[in-house]
Number of protein chains: 2
Amino acid sequence: MTTEEQITPENNILKAAKEIFQKKGMAAARMQEIADEAGINKAMLHYYYRSKELLFEAVFKSAFHMLAPQLNEIMNADTSVFEKIRNFSSNYISFVLKHPYLPNFIIQELNRNPEFVKNLIAEKNFPNISKFRQQVNNKIEAGEIRPINPDQLFINIISLNIFPFIGAPLLKGFVNVNDETYKQLMEDRKTEVADFIINAIKI
Amino acid sequence: MTTEEQITPENNILKAAKEIFQKKGMAAARMQEIADEAGINKAMLHYYYRSKELLFEAVFKSAFHMLAPQLNEIMNADTSVFEKIRNFSSNYISFVLKHPYLPNFIIQELNRNPEFVKNLIAEKNFPNISKFRQQVNNKIEAGEIRPINPDQLFINIISLNIFPFIGAPLLKGFVNVNDETYKQLMEDRKTEVADFIINAIKI
DNA sequence: ATCTAGTTTAACCAATTGGTTAACAAATGT
DNA sequence: ACATTTGTTAACCAATTGGTTAAACTAGAT
């Protein structure tokens, strides 16, 4: 009983808008282009979503809701720190390989409009890492992992999983590989990233 | 004898254009806004740089040349792998703390136009990591560090150093800290990141 | 059949944008 | 002193953009 994607005009528009907004960003996206992508008249966009700004917000929230709850679920799950690191890395890389434009879109638009994050925090499923923090501190006290600021560890986990996608064009140049080889590197990271992190903190 | 920043009209425009382009991106930046920032007439922008596209390219290359040579120098220096990791982390974080918009600007525009990277690769100072690769492989054979694909290690180094700046708005929300506290986290990373990486690979 | 509500379209509009132009001012050379 | 190049400005322009409108089409209700 997954949420069936109905083929309402709203969803059709949203899908087209996602495509264009995520590829070009808010400023460079054109309403006409979105209408073409959706195969409808431009006026329909304004009929269903009042303005470009509102359509963009709908797209952004939809995109964010695809990513954030996953993070939340994993971080608050009833599993060990190491399992969380493994699950998150594996799940996120798999997910992003299927939606390559998503992370860059979110990061970019949050940089463009940092206040936007306040809206997101207010929502119910906004990721909360307090449980993770506690678990890390417990492990440190138990002498099972090296002393580390849990926030820094969290930042490291996110960085290692997300940046390789956002920085793909640059990194492809640096390591000098073609798209296919780079994709294989990303596949490998599903397990490599977690191993790397766990090695870094395990005593 | 550092390259003195002359106060020619070209440099004045370039500085203003950097400010605006890096804050808003190519598409959202307005020529009038750049002119205002530079305190000159809009027509002057076209007098010194023919078009928005060319002005943007000048800004982009100038920005890239601030970052890439540093990477190249450190990676090709006559120092050990561990020293390179420490130097790079410390230098880069210090540098980016002074130029917070830079990494996001470069990453964003390379995603918008991935072919751009081909131009950059052709330039003389484009980072080359072959020496680093060789050093890592030697260390692995010598049994001093764990087996790891040098390219993956390189990607990890870059990710851990750069993403916390690009993803700052999001990460500030996740770890729930204010700007000042977050900046302190970044200061700490000058040494924490290198420690983390070295712990991950050292046997 | 016809009324009504929602849906769709083509034509239109005002504002903005990158870019040009032609006249004017300031140096620079002779 | 004069001419020529270089720098600067305000006014202008064509194209594009997000958004509107009024008329037409559809489908269900009566």
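Order of the sequence lines sets the chain letters (A, B, ...), proteins ahead of strands, with each chain counted from 1.
B:M31 comes within 4.0 angstrom of sugar-phosphate atoms only, judged by non-hydrogen atoms across all strands, and of no base. Using a 4.0 Å heavy-atom distance criterion, B:A35 is classed as making no nucleic acid contact. Residue contacts for A:A27: at a heavy-atom cut-off of 4.0 Å it reaches no nucleic acid atom on any strand shown. At a threshold of 4.0 angstrom between heavy atoms, the contacts of B:Y49 with the nucleic acid are absent.
Protein chain B contacts DNA chain D over a range whose 5' and 3' limits, counting nucleotides with an atom under 4.0 angstrom from a non-hydrogen atom, are D:dT6 to D:dA10.
C:dT8 atom P lies 8 Å from atom OH of A:Y47, rounded to whole Å. In this structure, A:N12 atom CG and C:dT8 atom C1' are separated by 14 Å, rounded to whole Å. The interatomic distance linking B:M44 (CE) with C:dT21 (C1') rounds to 15 Å, in whole Å. We find that NZ of B:K42 is positioned 13 Å from P of C:dT21, with the value rounded to whole Å. What separates CG of B:N41 from P of C:dA22 is a distance of 16 Å, to the nearest Å.
Not one N or O on the side chain of A:R189 forms a donor-acceptor pair closer than 3.5 Å with the backbone of A:N161. At distances below 3.5 Å, not a single donor-acceptor pair connects side-chain atoms of B:Q70 with backbone N or O atoms of B:Y92.
Annotation: A:F105 is in aromatic contact with A:F56 [ring centroid separation under 6.0 Å]. Ring centers of B:F60 and B:F21: at least 6.0 Å apart, outside the cut-off.
Ranked by how close their nearest DNA chain D nucleotide is to the 5' end, A:A43 and A:M26 are led by A:M26.
A distance of 15.5 Å separates OH in A:Y101 from CD1 in A:I106, rounded to the nearest 0.5 Å.
Listed by first then second residue, pairs satisfying side-chain hydrogen bond (donor to acceptor under 3.5 Å, both in side chains) with a partner in residues 165-178 of chain B read B:K172-B:D179, B:N178-B:T181, not counting sequence neighbours.
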